[in-house]
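Below is one structure, written out as structure tokens, with a few remarks after it.
Labels below follow one simple rule: chain letters A, B, ... track the order of the sequence lines, proteins then strands, and each chain is numbered from 1. These numbers were taken from a predicted model, which means no experiment stands behind them.
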Amino acid sequence: MLDVVSWNTIIDGYVKAGLTTSARHLFDRMPARNEVSWSAMIGGYAGSGELDVAQSLFDRMPASVGRNAVTWNSMITGFAKQGLLPLARKFFDDMPERNIVSWNAMISGYALNGKMSSARALFDEMPERDVVSWSSMISGYVQSNHYREALELFNQMQLSRNVRPNEVTMVSLLSSCAHLAALEQGKWIHAYIDRNKMRLDSDDNLGASLVDMYAKCGCVDSAVKVFRNLSHRNVSTWNAMISGLAINGLADESVDLFEEMQRSGAKPNDITFLGVLMACTHGGLVDQGRKYFAMMSYAHGIEPQMKHYGCLVDLLGRAGMLEEAEEAIRSMPMKPDVMILGALLGACRIHRNVPVAERLTVDFLELNSQEAGCHVLLSNIYAAAGRWADASQIRRLLRRRGIKKVPGSSSLELDGNIYEFVSGDRSHQKTPRYMTCWIKRSGNRHLKGVHQPQKKSYWMK
DNA sequence: GTAGGGTTAG
């Protein structure tokens, strides 16, 4: 006869494998249930999104066992993962005794759903914060593209004595630096990682994050150095290096590395192929790109997703093979999205191909998109072909739908400052003379704002 | 034996 702990272990095993029905079967058959049995079962339903069942078990949980914090927290997480924040919040508010996990569950619930001001309000309010609280907030800022806020929060985190950042914290911070192309801050984080003896080749994938950061900051040499010094490589580190070479225009090197990866016996995944396809696109390697695209499913059993088709279409489109690119779009098992149609429309403009562009227009208008870029492109294609009536009709459509073209922007880091540029923007008057020169040399872009680094002393320490 | 944080293209 199994004891209750063994029953619970097996139930948890099923739950972790996503087999809630089997778990429930055991739960119903077990001779005696305790608090942990109920918690595991409720957590299983909540985690798999079966919230109505979770709720009914939650309501039926015997008073003698009593609902514990674990059960409440599972319900909060379950609702939050489904985006049902008011329901999650109701459990959070109603629970008799919240612990730090309850606060963190609610905060990450807000963060996952892009509600950073709500997350921040709770974060500021909570009685004490641990590394998970801080990391949830930092990753929340990263996920909502608020990279400076993420770095700023890390500075504040270092001021609090009783909490130490860990590998998970670093991954989000490196992502921030990568997105901002903030090399100096990225280097500082690298030094921090070394100083705190964090491992680059653990399951936390710090190595991949570092390679990614250096590559996105344009330091291919540093990225390669980190990559080559890793004592153990996993698919993420290979991916980061292959993509890193690709985005820096080193197409042949990227393809070579992909070949090296295959020889090493490492198993590529969907992101690996994305990287190598991108390399082919950048390098104009049409034949190889086709080959790798085909290889995905027949040699590796990876079904191409929209983003892979996107690379293929981009590759063919840039090479002027617009009919074949259109064919690729037609062969997709899924409905083409705005991005992929837009990529091919862009190619149609460059290669002045009106027939393909017109056929794509039909698909495009079906999507009823709010994305201005593609409308503008289409209008430009018509204009380039001298079809002014069609061009202005598209422009009218844009106005009617109330779509505004968002200007493109970019940023760079200089002496620890992050500069942001927005095309056509003239709002910033205090442009230093040397920056003006840079801006002038780099074309029709104007300085928008100069962002001082947060707590400069930290980055320089 | 049950609950909370993660990055990978443009």
Nearest to the side chain of A:Asn8, which nucleotide is it out of B:dT2, B:dT7, B:dG1? B:dG1
Output yes when A:Glu260 and A:Arg228 qualify as a salt bridge under the 4.0 Å nitrogen-oxygen rule, no when they do not. yes
Hey, is the side chain of A:His179 poking within less than 4.0 Å of OP1 or OP2 on B:dT8, counting only N and O atoms? yes
Do A:Phe27 and A:Trp38 make the cut of ring centroids closer than 6.0 angstrom? yes
Of all the choices, B:dG5, B:dT7, B:dA3, which nucleotide is nearest to the side chain of A:Val101 once you look at every atom? B:dA3
A:Leu26 has an atom CG; how far is it from atom C1' of B:dG1, in whole Å? 14 Å
Test side-chain contact (heavy atoms from CB on, under 4.5 Å) applied to A:Leu153 and A:Trp134, step by step: CA-CA 8 Å; A:Leu153 202 62; A:Trp134 287 94; 3.9 Å; yes
So, with a heavy-atom separation below 4.0 Å from DNA chain B, the residues of residues 125-135 of chain A are A:Asp130, A:Val131, A:Val132, A:Ser135
Can you tell me the distance, in whole Å, between the CG atom of A:Leu312 and the P atom of B:dG10? 17 Å
May I have the distance from A:Tyr147 (atom OH) to B:dT8 (atom C1'), rounded to whole angstrom? 12 Å
In whole angstroms, the gap separating P of B:dG5 from CZ of A:Arg164 amounts to 22 Å
Across the strands shown, which category fits A:Asn205 at heavy-atom distances under 4.0 angstrom: base, sugar-phosphate, nothing? base
Which nucleotide wins on minimum distance to the side chain of A:Val70, given the candidates B:dG5, B:dT2, B:dT7? B:dT2
So, OP1 or OP2 of B:dG5: does either fall under 4.0 Å of a side-chain N or O from A:Gln143? no
Over 60° means perpendicular and under 30° means parallel, so classify the ring planes of A:Phe58 and A:Trp72, tilted if in between. perpendicular
Test side-chain contact (heavy atoms from CB on, under 4.5 Å) on A:Tyr45 and A:Met75 and set out the steps. CA-CA 9 Å; A:Tyr45 281 124; A:Met75 294 301 288; over 6 Å; no
Across the strands shown, which category fits A:Ser209 at heavy-atom distances under 4.0 angstrom: base, sugar-phosphate, nothing? base
Is the shortest side-chain heavy-atom distance between A:Phe273 and A:His300 below 4.5 Å? yes
B:dT8, OP1 or OP2 - any side-chain N/O from A:Ser175 closer than 4.0 Å? yes
Give a yes or no on whether a donor-acceptor pair under 3.5 Å exists between the nucleobase atoms of B:dG5, that is its base, and the side chain of A:Asn166. yes
Between A:Glu184 and A:Lys187 (salt bridge meaning N to carboxylate O under 4.0 Å), is one present in this structure? yes
OP1, OP2 of B:dT7 versus side-chain N and O of A:Lys216: anything below 4.0 Å? no
Of the nucleotides B:dT8, B:dT2, B:dG5, which one has an atom closest to the side chain of A:Ser139? B:dG5
If you define the side chain from C-beta out and look only at heavy atoms, does anything of A:Asn145 sit under 4.5 Å from A:His179? no
Length of the line joining A:Asn145:CG and B:dT7:C1', which is rounded to integer Å: 14 Å
On a plain distance test, is the side chain of A:Asn99 in donor-acceptor contact with the base of B:dA3 below 3.5 Å? yes
Let's go through A:Ser39 and A:Asn68 carefully: what are the C-alpha distance in whole Å and the side-chain angles of both, what is the deciding distance for side-chain hydrogen bond (donor to acceptor under 3.5 Å, both in side chains) to 0.1 Å, and is it a yes or a no? CA-CA 8 Å; A:Ser39 306; A:Asn68 53 14; 3.2 Å; yes
Output the single nucleotide from B:dG1, B:dT7, B:dT2 whose closest atom is nearest the side chain of A:Asn34. B:dG1
How many Å lie between CE on A:Met306 and P on B:dA9, as a whole number? 17 Å
For residues A:Phe154 and A:Tyr192, establish whether the separation of their ring centroids is below 6.0 Å. yes
Between atom NZ in A:Lys16 and atom P in B:dT2, what is the gap in whole Å? 5 Å
Do we get A:Arg195 above A:Trp188's six-membered ring, with its NZ or CZ under 6.0 Å from the centre and within 45° of the axis? yes
Measure CZ/A:Phe123 against C1'/B:dG5 and give the value in whole Å, please. 12 Å
Just call it for A:Ser136: base, sugar-phosphate, or nothing, with non-hydrogen atoms closer than 4.0 Å on any strand. sugar-phosphate
Closest to the A:Ser108 side chain: B:dT8, B:dG5, B:dT2? B:dG5
With the side chain of A:Ala40 defined as its heavy atoms from C-beta on, choose the nearest nucleotide among B:dG5, B:dT2, B:dA3. B:dT2
Residues from residues 244-270 of chain A lying under 4.0 Å of DNA chain B - heavy atoms: A:Ile247
